[in-house]
Amino acid sequence: MNVERIVPDLTVTALDQAVQEHATILGLDVVMNHGWIVTLADSAGRQLSLITADATAPENPDVSVFVDDVQTAYDRTLAAGLEIVHPLTTEEWGVTRFFYRDSSGNVVNVGMHTR
């Protein structure tokens, strides 16, 4: 399994305002907008996601890690005995993902694009 990218996820209360602030200050462009999460990026592909409330998970992640084999990551998480916050799910927007909580309480979204 290889990590393809890591994206910090900031929980925000006013999504449009947060997008405007970060885009203006950091010079980032909107590359994805689902209405509850917006991802901003620069021309080199560095990203920042802003999220109000996850559409299908019980809580927001602190970070998203995209891998080339989400099943292996899920199996490793189970073997490590960590809490699964959101089960392995193929989401309607084309990502298969799960969330786990690390020993410090951070929620990590691990996913891969499936279409």
Side-chain angles (χ1 to χ4, degrees):
M1 181 197 74
N2 295 304
V3 172
E4 296 179 335
R5 69 187 154 112
I6 300 172
V7 181
D9 298 317
L10 299 180
T11 296
V12 300
T13 54
L15 189 58
D16 291 340
Q17 180 179 356
V19 168
Q20 181 64 37
E21 290 168 354
H22 292 286
T24 298
I25 294 166
L26 302 174
L28 302 174
D29 296 312
V30 173
V31 295
M32 180 190 77
N33 185 341
H34 286 298
W36 54 272
I37 185 172
V38 173
T39 300
L40 304 170
D42 67 9
S43 61
R46 292 174 286 253
Q47 298 182 338
L48 171 66
S49 288
L50 307 169
I51 183 171
T52 54
D54 194 279
T56 63
E59 57 188 282
N60 291 346
D62 298 301
V63 64
S64 293
V65 180
F66 291 86
V67 297
D68 64 356
D69 185 350
V70 72
Q71 184 66 55
T72 294
Y74 186 75
D75 293 343
R76 288 178 181 177
T77 303
L78 292 175
L82 296 176
E83 175 190 355
I84 301 296
V85 175
H86 180 62
L88 188 62
T89 305
T90 299
E91 306 288 5
E92 65 182 35
W93 55 87
V95 171
T96 299
R97 67 185 186 149
F98 72 96
F99 293 9
Y100 71 88
R101 186 180 321 277
D102 71 13
S103 61
S104 296
N106 300 298
V107 176
V108 180
N109 169 23
V110 180
M112 65 183 274
H113 292 278
T114 49
R115 60 177 152 144

- line: Ser103 meets the side chain to side chain donor-acceptor pair (under 3.5 Å) criterion, sequence neighbours left out, with none

message: Checking Thr89 now: which residues fulfil side chain to side chain donor-acceptor pair (under 3.5 Å) with it, not counting sequence neighbours?
response: none

task: Output, in order, the C-alpha distance, side-chain angles, deciding distance and verdict of side chain to side chain contact (heavy atoms under 4.5 Å, CB included) for Val31 and Leu40.
output: CA-CA 6 Å; Val31 295; Leu40 304 170; over 6 Å; no

All pairs passing salt bridge (charged side-chain N to carboxylate O under 4.0 Å, His left out) where residues 47-57 contributes a residue, at least two apart: Asp54-Arg97

message: Heavy-atom count check: over 12 atoms from other residues, nucleotides or ligands less than 6.0 Å from Tyr100 OH?
response: no

task: Find the distance between CE (Met112) and OG1 (Thr72) and round it off to the nearest 0.5 Å.
output: 9.5 Å

query: Listed by chain and number, what are the salt bridge (Lys or Arg N to Asp or Glu O under 4.0 Å) partners of Asp69, not counting sequence neighbours?
result: none

query: Would a 4.5 Å heavy-atom cut-off, applied to side chains only, mark Val19 and Val30 as touching?
result: yes

field: Rounded distance (nearest 0.5 Å) linking atom CD of Gln47 with atom CE of Met32
entry: 8.0 Å

- request: Could you tell me whether the side chain of Asn109 and the main chain of Val63 form a donor-acceptor pair under 3.5 Å?
  value: no

message: Quick check on the hydrophobic clustering: are Phe66 and Leu88 connected, directly or via other members, by side-chain heavy-atom contacts under 4.5 Å?
response: no

query: Does Leu82 reach the side chain of Ile84, with side-chain heavy atoms less than 4.5 Å apart?
result: no

- prompt: Quick one: are Val67 and Asn2 in side-chain contact, heavy atoms under 4.5 Å?
  reply: no

task: May I ask whether Leu78 and Val110 are part of the same hydrophobic cluster, defined by side-chain heavy atoms of I, L, V, M, F, W, Y residues being less than 4.5 angstrom apart, directly or through others?
output: yes

- request: Test side-chain hydrogen bond (donor to acceptor under 3.5 Å, both in side chains) on Thr96 and Thr90 and set out the steps.
  value: CA-CA 4 Å; Thr96 299; Thr90 299; 3.0 Å; yes

task: Measure the shortest side-chain to side-chain distance between Leu15 and Val38 over non-hydrogen atoms and say whether it is less than 4.5 angstrom.
output: yes

Atom pair CG (Asn60) and CG (Leu10), whose distance is rounded to the nearest 0.5 Å: 10.5 Å

message: Which residues pass the side chain to side chain contact (heavy atoms under 4.5 Å, CB included) test with Ala44, not counting sequence neighbours?
response: Asp42, Arg46

query: How far does CD1 of Ile37 sit from CD1 of Ile51, to the nearest 0.5 angstrom?
result: 4.5 Å

query: Would you say the side chain of Val3 lies within less than 4.5 Å of the side chain of Val65, judging by non-hydrogen atoms?
result: yes

field: Partner set under ring pair (Phe, Tyr, Trp, His ring centres under 6.0 Å) for His22, not counting sequence neighbours
entry: none

message: If I take atom CG from residue Asp62 and atom CG from residue Asn106, how far apart are they, to the nearest 0.5 angstrom?
response: 5.0 Å

message: Is any side-chain heavy atom of Pro61 closer than 4.5 Å to one of Val108?
response: no

field: Contact list for residues 25-36, test side chain to side chain donor-acceptor pair (under 3.5 Å), sequence neighbours left out
entry: none

field: Glu83: partners by salt bridge (Lys or Arg N to Asp or Glu O under 4.0 Å), with sequence neighbours left out
entry: Arg101

message: Between Thr56 and Glu91, is there a side-chain donor-acceptor contact under 3.5 Å, judged purely by atom types and distance?
response: yes

message: For Phe98, give me all partners under ring pair (Phe, Tyr, Trp, His ring centres under 6.0 Å), at least two apart in sequence or on another chain.
response: Tyr74

field: Value rounded to 0.5 Å, distance of CG in Asp75 from CE in Met1
entry: 10.5 Å

- line: Ser49 meets the side chain to side chain donor-acceptor pair (under 3.5 Å) criterion, sequence neighbours left out, with Thr39

statement: By side chain to side chain contact (heavy atoms under 4.5 Å, CB included), Thr13 pairs with (sequence neighbours left out) none

message: Can you pull out every salt bridge (charged side-chain N to carboxylate O under 4.0 Å, His left out) where at least one residue sits in residues 3-27? Sequence neighbours excluded, please.
response: none

